[in-house]
Amino acid sequence: MSSATDDSSRAPTPDPAEDNAFFPSPYSLSQYTTSKTNFDGVQHKGAYTGGKWKVLMIAAGERYLLTQNGAMFSTGNHPVEMLLPAHHLMEAGFDIDVATVGGYPAKLELWAMPGEDEAVQATYEALKPKLKEPKDLADVVANDLGEDSDYIAVFIPGGHGAVVGLPTSEDVTKTLDWALDNDKFVITLCHGPAALLAASLGKEESPFKGYDVCVFPDSLDEGPNLDIGYLPGRLRWLVAGLLREQGVNVVNDDMTGKTHRDRKLLTGDSPLASHGLGLLAADALVKEVQSQG
């Protein structure tokens, strides 16, 4: 009886809003989600008061990820991976603009929302209007990027939703080109580094070739995430593998909360890295502003 119940709880949960679409299984959510994060405070509260510098967040604008067997994963941005780093940046004094490809509302994996985490919940409420009505990234590229831009960093949250559309978007390409050409920070974690693949579009090689990054381990998407019913099918391609093919050095092979900085690229390996990446990013941005006098 217990074995049958366990097997049933590992079956992905149907999403009735779309044909052959699924949320993660109850069992996988019991393993991967919690009511609170490991957040234990910020280090640079109110450090930046200049009012000019902002962070551009590129959020997921698509919910469904087609897998090899034809099932669709009902995904989006992981709320902890989006909101906890954002909390650190906002508490330090940096405003955040939200953009999506096409300007469609940002999609979140609300089944992973830590309902008792005050920092995450407060940041969600603060950003919710921008998540519902984000900027169109094409408009940001056309009107808000340049040498005199008010953006000090680009933030690309994780969640499997980041692999849908962002790696093939010319507007993501242009945004990353701008960030690299103008010495801006790029902050991303978990599956968010999939967007870095867009940097190679139209080029002989990726400008991120030779960079060290943390990213969600392919081995988990190929193994445990299938075994416990987190995913309804095998992914059509794997983020770390394609980054390696482009000459990017993946510095982790497991999920421990690892973060890493290489030049102005700041990365983390999973939701477990959200707090650490937020600390790292806020510290880097505050020191950058202070160095400018």
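Checked against side-chain contact (heavy atoms from CB on, under 4.5 Å), L145 has the following partners two or more places apart in sequence or in another chain: V140, V141, S149, Y151, T175, W178.
Here the closest heavy-atom approach between residue A282 and residue A92 is recorded as CB-CB, 4.3 Å. Here the shortest heavy-atom pairing between G276 and T259 reads C-CG2, 3.8 Å. Taking both residues in full, the closest heavy atoms of A240 and V250 are given as O-CG2, 4.1 Å, listed atom of the first, atom of the second, then distance. Looking at every heavy atom in both residues, V213 comes nearest to L243 through CG2-CD1, 4.5 Å.
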Donor-acceptor contacts, no H, no angles, side chain residues 202-212, under 3.5 Å, sequence neighbours left out:
from	atom 1	to	atom 2	distance (Å)
K203	NZ	D177	OD1	3.0
K203	NZ	D177	OD2	3.3
K203	NZ	A199	O	2.7
E205	OE1	K209	NZ	3.3
S206	OG	F208	N	3.0
D212	OD1	N249	ND2	3.1

Enumerate donor-acceptor pairs with a distance under 3.5 Å from any side-chain N or O in residues 46-63 to protein atoms, sequence neighbours excluded.
from	atom 1	to	atom 2	distance (Å)
Y48	OH	G51	N	3.3
Y48	OH	K52	N	2.9
Y48	OH	W53	N	2.9
K54	NZ	D97	OD2	2.9
E62	OE2	Y64	N	2.9
R63	NH1	T75	O	2.9
R63	NH1	L108	O	3.1

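The one candidate from Y27, F22, F73 that meets the ring pair (Phe, Tyr, Trp, His ring centres under 6.0 Å) condition with Y230 is F73.
Between the side chain of N77 and the backbone N or O of G161 there is no donor-acceptor pair closer than 3.5 Å. Checked by atom type and distance alone, the side chain of N69 pairs as donor or acceptor with a backbone atom of P232 at under 3.5 Å.
Heavy atoms from other residues, nucleotides or ligands lying under 6.0 Å from CD of E222 number more than 12. Within 6.0 Å of the CD atom in E147, the count of heavy atoms belonging to other residues, nucleotides or ligands does not exceed 12.
For the pair R261 and D283, the salt-bridge criterion is not met [side-chain N within less than 4.0 Å of a carboxylate O].
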Check the pair H88 / H44 against side chain to side chain donor-acceptor pair (under 3.5 Å), numbers first and verdict last. CA-CA 8 Å; H88 283 276; H44 292 286; over 6 Å; no
Given side chain to side chain donor-acceptor pair (under 3.5 Å), test D221 with H191 step by step and report yes or no. CA-CA 11 Å; D221 275 336; H191 289 83; 2.7 Å; yes
